[in-house]
Amino acid sequence: MGKEVSLFEHELAQSFDREVRCVSSGTAALHLALQAIGVSEGDEVLVQSLTYLSSFQAITATGGTAIPCDVCSKTLTINPVDLEAKITAKTKAIMPVHYGGGVGELDTVYEIANRYGLRVIEDAAHAFGSTHKNQLVGSFGDVACFSFDGIKNITSGEGGCIVTADRAVIDAVSDSRLLGVKNDSQNRAVNKRTWRPKVDSQGWRYHMSDIMAAIGRAQFSKIGEFVKKRKSHLRRYQSNLINNLDGARMVHLNDEVVPHIMPFILAKHVDRASFIECMEKSGVQCGIHYYPNHYLDYFDNNSVLTVTDALSDKIFSLPMHVDLTESDIDYVCDALICNLKKFDI
Ligand SMILES: Cc1ncc(COP(=O)(O)O)c(C=O)c1O
């Protein structure tokens with residue numbers, strides 16, 4: 001970690017108008033942010049079950065417990081009614097996940113957090129570049145964590161960052177990403193390091209390397225083009241499919257979203273595995289975002305989550321990345337429409 005990381009952080013900070021700390025992954029960003037706000041054994045963090053494994057593992061890495069919550073059916077973001085019902089004396093934080101890049105009911109999440117005195121760690125891994133009420137995600141709110149892994153809206157190969165206006169969180173993560181060595185981050189920026197470390201807290205080897213930061217900076221310089229392309233891909237999918245979704249529906253992503261994935265939900269009678277097989281035969285690879293975390297042995301707490309349970313084997317994602325062309329999207333949409341017809345009842 002050296003000058004490139006410091007420059008990348010500076011460039012990101014200018015766009016968020018907040019301080020930024022870069023780390024080795026989005027998972028590391030979540031873990032360090034949770035540790036920085038004091039989540040530890042006995043604490044509960046409310047998070048939607050329908051998210052990448054990282055959100056859950058970051059919580060359990062602190063010793064805390066992930067409490068799976070349901071999602072809103074339209075946006076697949078955390079359901080405020082369900083989350084409020086799950087608040088207990090042990091609840092320390094809420095982790096809304098910006099599914100697909102959209103923030104869903106984020107204002108209500110913050111209203112609830114304020115009412116109960118809870119911290120909010122936004123899992124904004126999908127949402128780099130998205131805005132909410134014309135404000136960049138990460139530039140408002142409590143703490144936001146982004147991922148720069150290989151398929152995200154910008155990539156540094158692997159990487160992530162923490163954005164917040166909370167000085168204490170910035171100071172804590174500056175040290176905890178460097179094995180807990182106090183005040184060594186700023187030395188690294190000028191090609192120095194301490195040989196007599198002061199350590200009084202648990203740290204991790206989660207810093208970002210200069211190589212990753214150099215890739216991240218090159219990517220960030222193209223963010224305008226990436227935002228334009230992803231948004232225009234979303235619009236093309238929407239206009240191609242809006243009247244042709246026989247048996248499927250799109251997850252709602254509004255005009256402010258820079259989509260990271262292109263999620264769909266199949267009708268009840270359609271078997272997902274067979275449908276995805278048909279798409280693959282048509283030359284279109286599909287993803288599944290996600291297998292709910294409350295089905296996993298490590299987290300199982302026997303939750304019943306009405307919307308998540310109903311959608312869990314109906315969700316799938318179509319291709320979404322900047323190198324798609326308009327004719328690629330038209331091809332994918334034709335394959336989708338044609339394959340849906342095979343499942344007509
Ligand atoms: C919702 C969500 N949270 C967290 C992460 C973790 O990011 P990373 O892969 O950089 O560790 C991801 C990455 O895919 C994600 O999709």
Side-chain angles (χ1 to χ4, degrees), residues 5 8 12 20-35 39 45-62 64 66 68-69 71-72 75-78 93-104 106 109 120-130 137-138 143-163 173 176-177 204-209 211-213 215-216 219-220 230 251 253 257-263 287-294 296 299 308 312 315-317 319-321:
V5 174
F8 191 26
L12 291 168
V20 177
R21 289 296 177 269
C22 286
V23 291
S24 55
S25 70
T27 312
L30 291 170
H31 180 190
L32 296 185
L34 288 159
Q35 180 175 293
V39 174
V45 179
L46 301 164
V47 58
Q48 65 189 69
S49 175
L50 197 72
T51 179
Y52 191 44
L53 194 45
S54 291
S55 323
F56 272 64
Q57 290 281 28
I59 295 167
T60 49
T62 64
C69 295
V71 287
C72 299
T75 55
L76 305 192
T77 51
I78 199 161
I94 306 170
M95 185 187 284
V97 177
H98 302 331
Y99 186 93
V103 302
L106 190 58
V109 170
V120 177
I121 304 290
E122 296 177 34
D123 181 340
H126 293 192
F128 194 85
S130 288
V137 171
V143 183
C145 296
F146 293 93
S147 161
F148 304 140
D149 77 22
I151 57 163
K152 290 301 189 303
N153 290 359
I154 63 165
T155 182
S156 58
E158 295 284 353
C161 74
I162 298 143
V163 188
V173 303
S176 59
R177 67 178 168 174
W204 311 88
R205 195 173 155 77
Y206 280 171
H207 62 275
M208 178 179 270
S209 81
I211 296 171
M212 295 151 92
I215 296 169
Q219 283 266 302
F220 187 47
R230 284 183 182 265
V251 172
L253 298 172
V257 175
V258 179
H260 160 55
I261 52 173
M262 200 59 242
I288 295 175
H289 301 93
Y290 294 95
Y291 186 69
N293 286 279
H294 74 291
L296 301 175
F299 309 118
T308 307
S312 66
I315 297 172
F316 73 102
S317 308
M320 170 58 81
H321 57 85

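Order of appearance sets the numbers: ligands from 1, and atoms from 1 within every ligand. Count residues from 1 along the sequence.
Scanning for side chain to side chain donor-acceptor pair (under 3.5 Å) contacts around S55 gives T51, D123, with sequence neighbours left out. For H98, the side chain to side chain donor-acceptor pair (under 3.5 Å) partners at least two apart in sequence or on another chain are E122. Residues passing the side chain to side chain donor-acceptor pair (under 3.5 Å) test with S156: none are found, sequence neighbours excluded.
Between G101 and S130, the shortest heavy-atom distance links the atoms O-OG, 2.8 Å. When all heavy atoms are compared, the tightest approach of V137 to F146 is O-CZ, 3.3 Å.
Residues with a heavy atom under 4.0 Å from ligand 1: S25, G26, T27, L30, T51, Y52, S54, S55, V97, D123, A125, H126, S147, D149, K152, G159, Y290.
Although no hydrogens or angles enter the test, the distance criterion places no donor-acceptor pair under 3.5 Å between the side chain of S49 and the main chain of C69.
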